[in-house]
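To start, the structure under review is shown below, and the notes come after it.
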Amino acid sequence: MLFCKESLFTPGPTPVPDRVKQAMNQPMVAHRSEVFSNSLKQVATKLMPVFGTKEPVVVIAGSGTSALESAVCNVVHEGDHVVVVVTGVFGERFASICESYGAHVHRLNIEWGTACRPEQLETFLKGLKDPVKAVFATYCETSTSVLNPVKDLGAVVKRVTDALYIVDGVSCIGGVPANMEDYQIDILVSGSQKALMLPPGLAFVAVNKRAKEAIKNGPEKRFYLDLNRYIDSYDEAVTTPFTPPVSLVFGAEEVCRMIEEEGWDNVIKRHEILRDMTRAGVKALGLPLLVENDADASPTVTAVKPDGDQAGAIKKYLQDHFSMVVASGQKQLKGKIFRIGHMGYSTPFDVINVLTALEMAVHELNGRDTFGIAVKKAEEAWKAHV
Ligand SMILES: *Cc1c(COP(=O)(O)O)cnc(C)c1O
């Protein structure tokens, strides 16, 4: 087999820049030291524009799901009624977590592959008899590559209810705009290994003043994920309540530097270009996109739904022949789609690579003359932006 470099196109974990790896390689320091405190302070404050928050971003050692769980266990009391907008696997995960904590969960199930429309949420909320404690939504639903209109949904939540509005941004924060005040989000969570270009292991939680109050008055049963501990430990020497993953925080500091150097607006723009290039290229190959509506498509990941059962064959071809890893479908989409991640440390030329590989895979599997056609459309889509 021809040698190819390993390349990762999964929607998490994602490639980690060399300079971030380098930063993580610094000598270990005591976590109650000024050096560490300064590093954490940089991360907590420099991530503020990325989360669109006015409060320093809380950093927890844990996977993205720990951030989701913290958003539940700090505000949802047993017996509370909550609404979860379920547009795929990760909406369902939020619902499961809420159920684990004894909430009455009202699921608004949306057809997978489409975004939740504000009218759907409005009708649903108005149909509920009990007051709702919190409404949960997923910003980018990674399992379908849908980007939900979290701002419009937030407007509905606040118009129709007194509920807290809690958003899972694990697979898009760091690649898409966020503004908690404008979107009326009370808690916004994310993780390190997606658009934030880090290895897995850090969870991020941004809270506003109202959420802070709710967290203060939250349930008694919580310990490691008790957000009060994390928020309070920012008050004096900036630190964490428990031993932090020091190296990952050093890495996160470097990521913040990279975002600053590129310019946050440019980061957002780059992800839009990556989305448009990927969609244009995939379409040119005659491969259907799971998310048909351009307005619902995430800038960070694209799900492709080939006719028949070719999703697995294409994924396998890329892996076997080009050492290129895309993700398969989850749950009801298993075997039906494959997903291309294009977030974080990803450039237009990475998209060109994966599209070239797709051209060759489709050529091989279907005998069609596909050489150059996806790349051409992708280049045109790129050009349209500059
Ligand atoms: C990846 C992901 C998670 C969970 O993250 P883990 O790090 O696997 O726990 C949650 N929500 C969304 C939208 C994700 O993409």
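The first residue in the sequence is number 1, and the count goes up from there. Everything numeric here is computed off the predicted structure, so don't read it as measured data. Counting starts at 1 for both ligands and their atoms, in listed order. Atoms considered below: every heavy atom in the structure, side chains included; atoms not considered: hydrogens, waters and symmetry mates.
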Exercise. Carefully, step by step, assess Glu253 and Arg257 under the rule salt bridge (Lys or Arg N to Asp or Glu O under 4.0 Å).
Key: CA-CA 6 Å; Glu253 190 185 353; Arg257 230 173 260 135; 3.1 Å; yes
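- At a heavy-atom cutoff of 4.0 Å, ligand 1 is contacted by both the backbone and the side chain of Thr65.
- No side-chain donor-acceptor contact under 3.5 Å links Asp296 to the backbone of Glu292.
- Put simply, the side chain of Asn148 never gets that close to the backbone of Val150: no donor and acceptor are under 3.5 Å apart.
- Proximity to Lys194 (heavy-atom distance under 4.0 Å) selects the following atoms of ligand 1: 1 (C), 2 (C), 3 (C), 14 (C), 15 (O).
- Not close to ligand 1: Glu141, with no non-hydrogen atom less than 4.0 angstrom away.
- In Pro200, neither the side chain nor the backbone holds a heavy atom less than 4.0 Å from any atom of ligand 1.
- Distances below 4.0 Å separate heavy atoms of Cys140 from the following atoms of ligand 1: 13 (C).
- No side-chain donor from either of Asp130 and His104 sits under 3.5 Å from a side-chain acceptor of the other.
- Ligand-side atoms of ligand 1 in range of Thr142: 12 (C), 13 (C), 14 (C), 15 (O), range being under 4.0 angstrom from any heavy atom.
- Contact atoms of ligand 1 toward Ser171: 13 (C), 15 (O) (distance under 4.0 Å to a heavy atom of the residue).
- Atoms of ligand 1 found under 4.0 Å from any heavy atom of Gly64, numbered from 1 in the order shown, are 5 (O), 6 (P), 7 (O), 9 (O).
- Listed by number with element, the atoms of ligand 1 under 4.0 Å from a non-hydrogen atom of Ser63 are 6 (P), 7 (O), 9 (O).
- For atom 10 (C) of ligand 1, the nearest non-hydrogen atom of the protein is Phe90 CD2, 3.3 Å.
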Would you tabulate the side-chain donor-acceptor contacts of residues 44-57 under 3.5 Å, counting partners in other chains and residues two or more places apart, or write 'none'?
from	atom 1	to	atom 2	distance (Å)
Thr45	OG1	Lys41	O	2.7
Thr45	OG1	Gln42	O	3.3
Lys46	NZ	Gln42	OE1	3.2
Thr53	OG1	Glu55	N	3.1
Thr53	OG1	Glu55	O	3.4
Lys54	NZ	Glu181	OE1	3.1
Lys54	NZ	Glu181	OE2	2.8
Glu55	OE1	Lys212	NZ	2.7
Glu55	OE2	Lys209	NZ	3.3

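- Judged purely by atom type and a 3.5 angstrom limit, Ser66 uses its side chain to pair as donor or acceptor with the backbone of Ser63.
- Put simply, the residue from Arg275, Arg279, His342, Arg339 that forms a side-chain hydrogen bond (donor to acceptor under 3.5 Å, both in side chains) with Thr302 is His342.
- Only the side chain of Arg93 comes within 4.0 Å of ligand 1, counting heavy atoms alone; its backbone N, CA, C and O stay farther away.
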